[in-house]
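Here the structure is laid out as structure tokens; the discussion comes afterwards.
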Amino acid sequence: MATEHRPGTAGTGLHTPILDWYAANARDLPWRAPDAGPWGILVSEIMLQQTPVARVLPVWRDWMARWPTPAALAAEPPGEAVRHWGRLGYPRRALNLHACARAITAEHGGRVPAGHDELRALPGVGEYTAAAVASFAFGARHAVLDTNVRRVLARAVRGEEFPPKATTAIERRLAESLIPPVDAPRWAVAVMELGALVCTARTPRCAGCPIAAGCAWRLAGQPAYDGPERRGQAYAGTDRQCRGRLLAVLRDAPGAVPKAALDAVWADATQRERALDGLVADGLAEALADGTYRLPG
DNA sequence: TAGCCGTGGCG
DNA sequence: TCGCCAAGGCT
């Protein structure tokens, strides 16, 4: 078969085993269903940013049942988007999605735009998400470089355990060189799925990997990562945790809450005020004239 | 560009 | 137990 795209030297022979593996092992996710539509796919991509599939599933179903179109969400106050975001995390994504809905309604006739550049201009839609929606919803041919794809390519092609902290031009060129001429979206989702299920960050399941035999990292003896320190973010006691506590109070209340209800969930007054001001500045909370607070109306 | 922005499960 | 990590984006 001469169906293999000519990828130069690196990555030769990845396509067939990965596509075959995906055909047999793909998860049945609702946003992959034929009837998901561009809106369902956009909602899923924003929700999946830095968030595991298992936690997104119930929230995605609720959102799509509640707001099946961009116009439906656009008709709501932004606070309703934040409320139904629940505990997905990074709640500004709910505001982003709400702003997306209003922009799509006002500027694109209520339909999610198909072009990468138009998608990229939507709030909260960066390079990855624009490429993913253009690809998965509209069949476009883009390099879809998420953390899974970057890790698979780092190992299989570059022979390193982890990719660099920030996406490099080298990585992008490699990913672009690997895009097959046909079925580019299927290739993209297949590599992502391989990274999510087999070529995982912590304990890769190399025994079940369709490209293990040709994996540069394996062939090199799985050398440990030796790049710059990858320091994780602390959480306990941070402004982020404080913001989360405060927002949970607003989210779980039907209307405005007295300030005392917010004061009760965080002891350090200085930090609490800073966090609350931050939420208001970010549009996640609203301070009313009577001194109470609520989700943005 | 490095730091910030939530949350919870797992090894 | 607790650090690491999960389909990033923005400034």
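Each chain gets a letter, A, B and so on, in the order its sequence line appears, and its residues count up from 1.
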Within residues 189-201 of chain A, which residues have any heavy atom lying less than 4.0 Å from an atom of DNA chain C? Met192(A), Ala196(A), Ala201(A)
Is Arg155(A) reaching over with its side chain to a backbone N or O of Glu160(A), donor-acceptor style, under 3.5 angstrom? no
Main-chain N/O of Leu42(A) paired with Ser44(A) side-chain donor or acceptor, under 3.5 Å: no
Using a 4.0 Å cut-off on heavy atoms, which residues in residues 77-88 of chain A reach DNA chain B? List them by number, or say none. Arg87(A), Leu88(A)
Mind listing the residues from residues 43-64 of chain A sitting with a heavy atom below 4.0 Å of DNA chain B? Number order is fine. Gln50(A), Thr51(A), Arg55(A)
Nearest whole angstrom, please: distance from the [atom2] of [N] to the [atom1] of [X].
| X | N | atom1 | atom2 | value |
| --- | --- | --- | --- | --- |
| Asp277(A) | dC5(B) | CG | P | 14 Å |
| Asp239(A) | dG3(B) | CG | P | 16 Å |
| Leu246(A) | dT7(B) | CG | C1' | 15 Å |
| Arg151(A) | dC4(C) | CZ | P | 16 Å |
| Tyr235(A) | dC5(C) | OH | C1' | 15 Å |
| Tyr90(A) | dA6(C) | OH | C1' | 10 Å |
| Glu127(A) | dA7(C) | CD | P | 18 Å |
| Phe162(A) | dA6(C) | CZ | C1' | 13 Å |

Does [X] share a hydrophobic cluster with [Y], counting links as ILVMFWY side-chain heavy atoms below 4.5 Å and allowing steps through other members?
| X | Y | answer |
| --- | --- | --- |
| Val56(A) | Tyr90(A) | no |
| Trp60(A) | Leu29(A) | yes |
| Leu97(A) | Leu250(A) | no |

Among the nucleotides dC10(C), dG8(C), dG11(B), whichever has the atom closest to the side chain of Arg120(A) is dC10(C)
With heavy atoms under 4.0 Å as the rule, sort Leu95(A) into base, sugar-phosphate or nothing. nothing
What integer number of Å spans the [atom1] atoms of [N] and [M]?
| N | M | atom1 | answer |
| --- | --- | --- | --- |
| dA7(C) | dA2(B) | P | 22 Å |
| dC4(C) | dG3(B) | P | 16 Å |
| dT11(C) | dG6(B) | P | 14 Å |

According to a strict under-4.0 Å criterion, is Arg92(A) in side-chain N/O contact with OP1 or OP2 of dC10(C)? no
According to a strict under-4.0 Å criterion, is Arg93(A) in side-chain N/O contact with OP1 or OP2 of dT7(B)? no
Can you list the residues that meet the ring pair (Phe, Tyr, Trp, His ring centres under 6.0 Å) rule with Tyr225(A), with sequence neighbours excluded? Phe162(A)
Contacts of Trp85(A) that satisfy ring pair (Phe, Tyr, Trp, His ring centres under 6.0 Å) - sequence neighbours left out: Trp63(A)
Residues, nucleotides or ligands: over 12 heavy atoms within 6.0 Å of Arg274(A) CZ: yes
So, Arg83(A) and Glu80(A), do they make that salt bridge, N to O below 4.0 Å? yes
If you measure from the Lys or Arg side-chain nitrogens to the Asp or Glu carboxylate oxygens, is any gap between Arg93(A) and Glu45(A) under 4.0 Å? no
Can you check whether any acceptor in the base of dG11(B) is under 3.5 Å from a donor in the side chain of Arg202(A), or vice versa? no
Which pairs would a plain distance check flag for residues 187-202 of chain A, meaning a side-chain donor or acceptor within less than 3.5 Å of a matching protein atom at least two apart in sequence or in another chain?
residue	atom	partner	partner atom	Å
Glu193(A)	OE1	Arg27(A)	NE	3.4
Glu193(A)	OE1	Arg27(A)	NH2	2.7
Glu193(A)	OE1	Arg32(A)	NH2	2.7
Glu193(A)	OE2	Arg27(A)	N	2.9
Glu193(A)	OE2	Arg27(A)	NE	3.0
Glu193(A)	OE2	Arg32(A)	NH1	3.1
Thr200(A)	OG1	Thr203(A)	O	3.1

Asp282(A) versus Leu95(A): any side-chain heavy-atom pair under 4.5 Å? no
